[in-house]
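What follows is a short report on a single structure.
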Amino acid sequence: MGKRVAVMLAGCGVYDGSEIHESSAVLVHLSREGAQAEVYAPNVEQMHVVDHVKGQPTQEKRNVLVESARIARGNIKDLAKLDVQGLDALIIPGGFGVAKNLSTWATQGKNCIICKEVEEVLRAFHAARKPIGLCCISPVLAAKIFPGCELTVGHDTECEKWPYAKTAETMKELGCKHVNKHVTDIHVDVKNKLVTTSAFMCNAPVHEIYDGIGKMVQEVVRLA
């Protein structure tokens with residue numbers, strides 16, 4: 001039997017949910033590794049809905065679980081029903097939904113609140129010594145919950161290639177060790193069993209994003 005890996009989504013779309021290319025890459029690479037993906041999302045209302053053509057919020061209301069089901073092709077469960085005992089690892093793709101729907105990082109930064117169910121799941125996997133894979137902005141969840149952990153969101157010096165590098169500095173303020181890595185590389189915190197890669201925190205070609213996520217997934221499955 002292949003490893004059973006929980007994939008936590010935060011909606012559908014980079015600006016208000018899970019980043020679709022990252023989520024797809026996670027699912028493809030899990031399949032390639034012979035692992036069974038089990039997709040979950042919290043049954044809560046999104047912080048807001050963004051028109052992805054205009055890049056502006058709308059007056060719509062959408063549900064995180066319902067939207068995430070688009071990526072999961074309907075094969076998804078309420079995060080409240082996740083049982084860590086039957087699972088081998090956890091992976092959380094990025095996208096602004098992580099900072100808006102799974103936490104309040106988008107509006108409060110290091111002073112954010114992590115959604116109760118999300119924090120409980122992360123703590124349960126950590127306590128069970130089961131690996132957690134995080135990419136793009138999702139390492140901020142671990143930064144908030146596990147002080148002193150080692151993570152990467154790419155680079156800590158802002159430039160055209162790394163437009164979100166200030167995130168690394170904020171994570172350091174939370175007491176984490178940030179490790180600069182190229183987009184195709186990963187960082188492994190052996191002590192905490194955290195595997196991170198920068199993904200779209202980097203202004204890089206999509207195949208490089210895909211390759212970095214592939215290494216992250218491969219390592220998570222290996223550690224499981």
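Count residues from 1 along the sequence.
Checking V26, V39, I20 one by one against I71, the side chain to side chain contact (heavy atoms under 4.5 Å, CB included) holds for a single residue, I20. For the side chain to side chain donor-acceptor pair (under 3.5 Å) with H187, the lone residue among H178, E150, K177, K181 that qualifies is E150.
The aromatic rings of F200 and H21 lie tilted to each other, with the angle between the two planes from 30° to 60°. Using a 30° and 60° split on the angle between ring planes, H29 and Y210 fall in the tilted class, from 30° to 60°.
Counting only distance, with no hydrogens or angles, the side chain of D88 and the backbone of V5 share no donor-acceptor pair below 3.5 Å. Side-chain atoms of H48 never come within 3.5 Å of backbone atoms of D16 as a donor-acceptor pair (strictly under, hydrogens ignored). A distance-only check finds a donor-acceptor pair linking the side chain of R4 to the backbone of G86 [under 3.5 Å]. For T104 (side chain) and I113 (main-chain N/O), a donor-acceptor pair under 3.5 Å exists by modelled atom type. Of the possible polar contacts, one joining the S68 side chain to the V64 backbone as a donor-acceptor pair under 3.5 Å is found. Side chain of D156 to backbone of N180: no donor-acceptor contact under 3.5 angstrom is found. Using modelled atom types, one side-chain atom of S103 and one backbone atom of V98 make a donor-acceptor pair closer than 3.5 Å. Without hydrogens or angle criteria, T152 side chain to V179 main chain gives a donor-acceptor distance under 3.5 Å. The main-chain N or O of L87 is found under 3.5 Å from a side-chain atom of K130 such that the two form a donor-acceptor pair. Although no hydrogens or angles enter the test, the distance criterion places a donor-acceptor pair under 3.5 Å between the side chain of E22 and the main chain of G94.
Side-chain heavy atoms closer than 4.5 Å link hydrophobic residues (I, L, V, M, F, W, Y) into clusters, and following such links, even through other members, never connects V44 to M8. Two different hydrophobic clusters hold V28 and L134 under the rule that ILVMFWY side chains link at heavy-atom gaps under 4.5 Å. Residue V66 is not grouped with residue V49 when hydrophobic side chains (ILVMFWY) are merged at heavy-atom distances under 4.5 angstrom, including chains of intermediate members. Linking Ile, Leu, Val, Met, Phe, Trp and Tyr whenever their side-chain heavy atoms come within less than 4.5 Å leaves Y15 and M47 in two separate clusters. Put simply, V190 and V221 are part of the same group of oily side chains (I, L, V, M, F, W, Y) that touch within less than 4.5 Å, one to the next.
To the nearest 0.5 angstrom, E208 atom CD is 10.0 Å from D185 atom CG. In this structure, L102 CG and I137 CD1 are separated by 11.5 Å, a value rounded to the nearest 0.5 Å. The distance from atom CG of N203 to atom SG of C159, rounded to the nearest 0.5 Å, is 9.0 Å. The CG atom of L223 sits 10.5 Å away from atom NZ of K3, with the distance rounded to the nearest 0.5 Å. In this structure, K144 NZ and C149 SG are separated by 12.5 Å, a value rounded to the nearest 0.5 Å. Note that CG of N43 is 10.0 Å distant from CD1 of I76, once rounded to the nearest 0.5 Å.
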- Message: Does E67 form a salt bridge (charged side-chain N to carboxylate O under 4.0 Å, His left out) with R70? I'd like the steps, not just the answer.
- Response: CA-CA 6 Å; E67 291 302 296; R70 293 174 179 272; 3.2 Å; yes
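For the pair G55 and V50, the tightest heavy-atom approach, listed with the atom from each and the gap, is C-CG1, 3.9 Å. Between S198 and C202 the shortest heavy-atom distance is OG-CB, 4.3 Å. Residues V183 and A204 share a closest heavy-atom pair of CG1-CB, 4.0 Å. Shown here for A41 and L65, the closest heavy-atom pair between the two residues is O-CD1, 3.6 Å. The two atoms that bring E158 and P163 nearest to each other are CD-O, 3.6 Å, heavy atoms only. Contact detail for A106 and K100: the closest heavy-atom pair is CB-CG, 3.7 Å.
For N75, the CG atom is loosely surrounded, since the number of other residues' heavy atoms within 6.0 Å does not exceed 12. With a 6.0 Å radius and a threshold of 12 heavy atoms from other residues, nucleotides or ligands, E173 has its CD atom above the threshold. Remark: R73 CZ is loosely packed, at most 12 non-hydrogen atoms of other residues, nucleotides or ligands lying under 6.0 Å away.
Between M216 and I91, the closest side-chain pair of non-hydrogen atoms falls below 4.5 Å. Proximity of V7 to P93: side-chain heavy atoms (C-beta onward) are separated by under 4.5 Å at one or more points. Residues M171 and P139 have side chains in contact (heavy-atom distance under 4.5 Å, counting atoms from C-beta outward). A 4.5 Å side-chain heavy-atom check between E33 and Q218 finds at least one atom pair inside the cut-off. Contact annotation: the side chain of K193 never approaches that of I132 to less than 4.5 Å [non-hydrogen atoms, C-beta and beyond]. Counting heavy atoms from C-beta on, the side chains of M201 and T167 come closer than 4.5 Å. Side-chain contact between L82 and F125: present, with at least one pair of heavy atoms (C-beta onward) separated by less than 4.5 Å. Contact of the W105 side chain with the T170 side chain is registered, since non-hydrogen atoms from C-beta on lie closer than 4.5 Å.
At a threshold of 4.0 Å, the pair R222-E219 counts as salt-bridged, since one of the basic side-chain nitrogens sits closer than that to a carboxylate oxygen. The residues E120 and R123 are annotated as not salt-bridged, no charged nitrogen and carboxylate oxygen being separated by less than 4.0 angstrom.
Side-chain atoms of H126 and N192 include a donor-acceptor pair closer than 3.5 Å.
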